[in-house]
Amino acid sequence: MLALLLICEHTLSMLKSAMDKKEKAYIIARLLRNPNVDVGQLRELSLSPHGYVNDELRRVVWPKLLGLDLDTKMSAHGKSKLLEHRDYNQVVMDVKRSTKRFPPGSYSLS
């Protein structure tokens, strides 16, 4: 009987966690609809349970936090300046080395 009770409590806890994630994802998505999103609110949400919930939301939230406009294309001059930066090659090597920790085929450096 005790084992059944523990299983039920665990299941209820998992359901609550799933509902919390769904609700939090909705709140984040609603904030992101505003072109002048409150970055302070986004920061606060990162500190609460489940962070930014999933990778899909993280891909949208992080550029907002960094103040990046992903709709703006980098000019050829900007790209060449980036490639000439003294730390560029080190960053490329670090990224390649860190991706070796991922299972084969799960990550692409394109």
Chemist: Taking C-beta and beyond as the side chain, do Ile28 and Val60 meet within less than 4.5 Å on heavy atoms?
Modeler: no

Chemist: How long is the span from the NE2 atom in His50 to the CD atom in Glu23, to the nearest 0.5 Å?
Modeler: 10.0 Å

Chemist: As an exercise, state the distance from CZ of Arg30 to CD of Gln41, rounded to the nearest 0.5 Å.
Modeler: 9.0 Å

Chemist: Just by distance, do the side chain of Tyr26 and the backbone of Lys21 share a donor-acceptor pair under 3.5 Å?
Modeler: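 No; zero donor-acceptor contacts below 3.5 Å.
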
Chemist: Are Val39 and Leu66 in one and the same hydrophobic cluster, where Ile, Leu, Val, Met, Phe, Trp and Tyr link if side-chain heavy atoms are under 4.5 Å apart?
Modeler: yes

Chemist: Would you confirm whether Asn54, through its side chain, and Leu57, through its main-chain N or O, come within 3.5 Å as a donor-acceptor pair?
Modeler: yes

Chemist: Does Leu45 offer a backbone N or O that forms a donor-acceptor pair with the side chain of Lys24 under 3.5 Å?
Modeler: yes

Chemist: How many angstroms lie between atom CG of Asp38 and atom CZ of Arg43, to the nearest 0.5 angstrom?
Modeler: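 One finds 9.5 Å between CG of Asp38 and CZ of Arg43.
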
Chemist: In this structure, would Leu31 and Leu47 fall into the same cluster of hydrophobic residues linked by side-chain contacts under 4.5 Å?
Modeler: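 Looking at the clustering, Leu47 is in a separate group from Leu31.
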
Chemist: Do Leu68 and Tyr52 share a hydrophobic cluster, counting only Ile, Leu, Val, Met, Phe, Trp and Tyr and linking them when any side-chain heavy atoms are less than 4.5 Å apart?
Modeler: yes

Chemist: What distance do Arg58 atom CZ and Ser46 atom OG have between them, rounded to the nearest 0.5 Å?
Modeler: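 Spacing of CZ (Arg58) from OG (Ser46) equals 10.5 Å.
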
Chemist: Roughly how far, to the nearest 0.5 Å, is CD of Glu44 from CG of Leu42?
Modeler: 9.5 Å

